[in-house]
**Student:** 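Here it is, the structure, as structure tokens.
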Amino acid sequence: KKYAIQQTLTKDTLPSKYSFEFKPKHKKFGRKKSLLAITKIKNIPISFNTYYYPELNPIYLDILKGIKGLPAQYYLPSENGLLRYTVVEIQEAHLPPSTFLFSKDCTKITFDEFIDIVTKEKK
């Protein structure tokens, strides 16, 4: 049987460990214009330049909570020091709306219902 599992996620209400000071300066990454945000991370005494694409939704990376677009170049602290991530190339693709639809032969259920079904089938 085919299932379309629908899950409702609770909204993240934790405060961000990042703060941003947005500047009008821009730079190109992947042949696309990005804007500058001076980024501060709690418990780190220095700030970083973060470039971001304001017209692209940050949810695709979900990395810097509170940024006003998709990060193009940003830094993340690690146990080995600071890691810099930079967009090298962008390939835009327009997907038809049908990409996100499921067929009529699927049954829409919640994730919990799916787990119940799978657990019962194993017994």
Side-chain angles (χ1 to χ4, degrees):
K1 193 167 182 176
K2 295 181 181 180
Y3 296 107
I5 301 171
Q6 190 172 33
Q7 188 171 7
T8 305
L9 301 175
T10 58
K11 187 171 175 142
D12 182 6
T13 57
L14 294 174
S16 177
K17 64 180 178 178
Y18 302 100
S19 63
F20 304 99
E21 183 182 340
F22 297 97
K23 302 287 187 176
K25 185 178 175 186
H26 68 273
K27 190 173 184 179
K28 285 192 175 186
F29 293 95
R31 292 185 275 149
K32 193 171 184 73
K33 182 176 152 183
S34 64
L35 294 176
L36 173 64
I38 307 299
T39 306
K40 293 182 179 124
I41 304 173
K42 285 183 186 173
N43 303 323
I44 296 181
I46 59 175
S47 58
F48 312 95
N49 286 350
T50 298
Y51 287 90
Y52 65 97
Y53 303 117
E55 70 280 0
L56 298 178
N57 195 326
I59 197 167
Y60 297 117
L61 277 181
D62 197 25
I63 196 75
L64 300 174
K65 184 179 173 184
I67 192 85
K68 294 181 177 181
L70 186 74
Q73 184 178 68
Y74 59 97
Y75 295 85
L76 291 179
S78 77
E79 58 190 37
N80 298 319
L82 283 175
L83 299 176
R84 181 178 74 181
Y85 295 86
T86 306
V87 168
V88 175
E89 181 181 1
I90 295 176
Q91 292 182 352
E92 292 188 33
H94 296 284
L95 301 174
S98 61
T99 303
F100 302 101
L101 299 176
F102 56 90
S103 64
K104 290 183 173 66
D105 58 336
C106 290
T107 304
K108 191 190 311 185
I109 61 173
T110 67
F111 186 72
D112 291 336
E113 290 170 334
F114 177 73
I115 295 298
D116 288 343
I117 291 168
V118 171
T119 305
K120 287 176 186 173
E121 287 178 0
K122 285 187 177 180
K123 291 180 182 180

**Student:** Hey, quick one: are Y3 and L101 part of the same hydrophobic cluster, counting side-chain heavy atoms closer than 4.5 Å, chains of contacts allowed?
**Tutor:**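 Different clusters: Y3 never reaches L101 through Ile, Leu, Val, Met, Phe, Trp or Tyr contacts under 4.5 Å.
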**Student:** Here's a test for you: under side chain to side chain contact (heavy atoms under 4.5 Å, CB included), which of L82, N80, L76 qualifies with S78?
**Tutor:**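 The option that passes is N80.
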**Student:** Show the numbers, then the answer: is there a side chain to side chain contact (heavy atoms under 4.5 Å, CB included) between Y75 and T50?
**Tutor:** CA-CA 7 Å; Y75 295 85; T50 298; 5.5 Å; no
**Student:** Which pairs, with at least one residue in residues 102-113 and sequence neighbours excluded, count as a salt bridge (Lys or Arg N to Asp or Glu O under 4.0 Å)?
**Tutor:**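 Salt bridge (Lys or Arg N to Asp or Glu O under 4.0 Å) check on residues 102-113 returns K2-D105.
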**Student:** Is atom CG of L95 surrounded by more than 12 heavy atoms (other residues, nucleotides or ligands) closer than 6.0 Å?
**Tutor:**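 More than 12 within 6.0 Å, yes.
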**Student:** Between G69 and P58, what is the shortest heavy-atom contact and its length?
**Tutor:** O-CB, 3.1 Å
**Student:** So how far is it from F20 CZ to Y52 OH, rounded to the nearest 0.5 Å?
**Tutor:** 9.5 Å
**Student:** Can you measure from CD (Q6) to OG1 (T110) and round to the nearest 0.5 angstrom?
**Tutor:** 9.0 Å
**Student:** Measuring from atom CG of L56 to atom CD1 of I90, what distance do you get when rounded to the nearest 0.5 angstrom?
**Tutor:**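 Reported value, rounded in 0.5 Å steps: 6.5 Å.
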**Student:** What's the separation between atom CG in L35 and atom CD1 in I67, rounded to the nearest 0.5 Å?
**Tutor:** 9.5 Å
**Student:** Please state whether the rings of F111 and F114 are parallel, tilted or perpendicular, taking 30° and 60° as the class boundaries.
**Tutor:**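 Correct class here is tilted.
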**Student:** Could you give the distance from CG (N49) to OH (Y74), rounded to the nearest 0.5 Å?
**Tutor:** 15.5 Å
**Student:** Enter the distance from L64:CG to L70:CG here, rounded to the nearest 0.5 Å.
**Tutor:** 9.5 Å
**Student:** Output every pair passing salt bridge (Lys or Arg N to Asp or Glu O under 4.0 Å) with a member in residues 24-43, not counting sequence neighbours, ordered by first then second residue.
**Tutor:** K32-E55, K32-E92
**Student:** Looking at residues at least two apart in the chain, or sitting in another chain, which of them share a ring pair (Phe, Tyr, Trp, His ring centres under 6.0 Å) with Y51?
**Tutor:** F29
**Student:** Does the pair Y53 and V87 meet the rule for a side chain to side chain contact (heavy atoms under 4.5 Å, CB included), with working shown?
**Tutor:** CA-CA 11 Å; Y53 303 117; V87 168; 3.5 Å; yes
**Student:** Between F48 and Y18 (judged by ring centroids, cut-off 6.0 Å), do the two rings come close enough to count as a pair?
**Tutor:** no
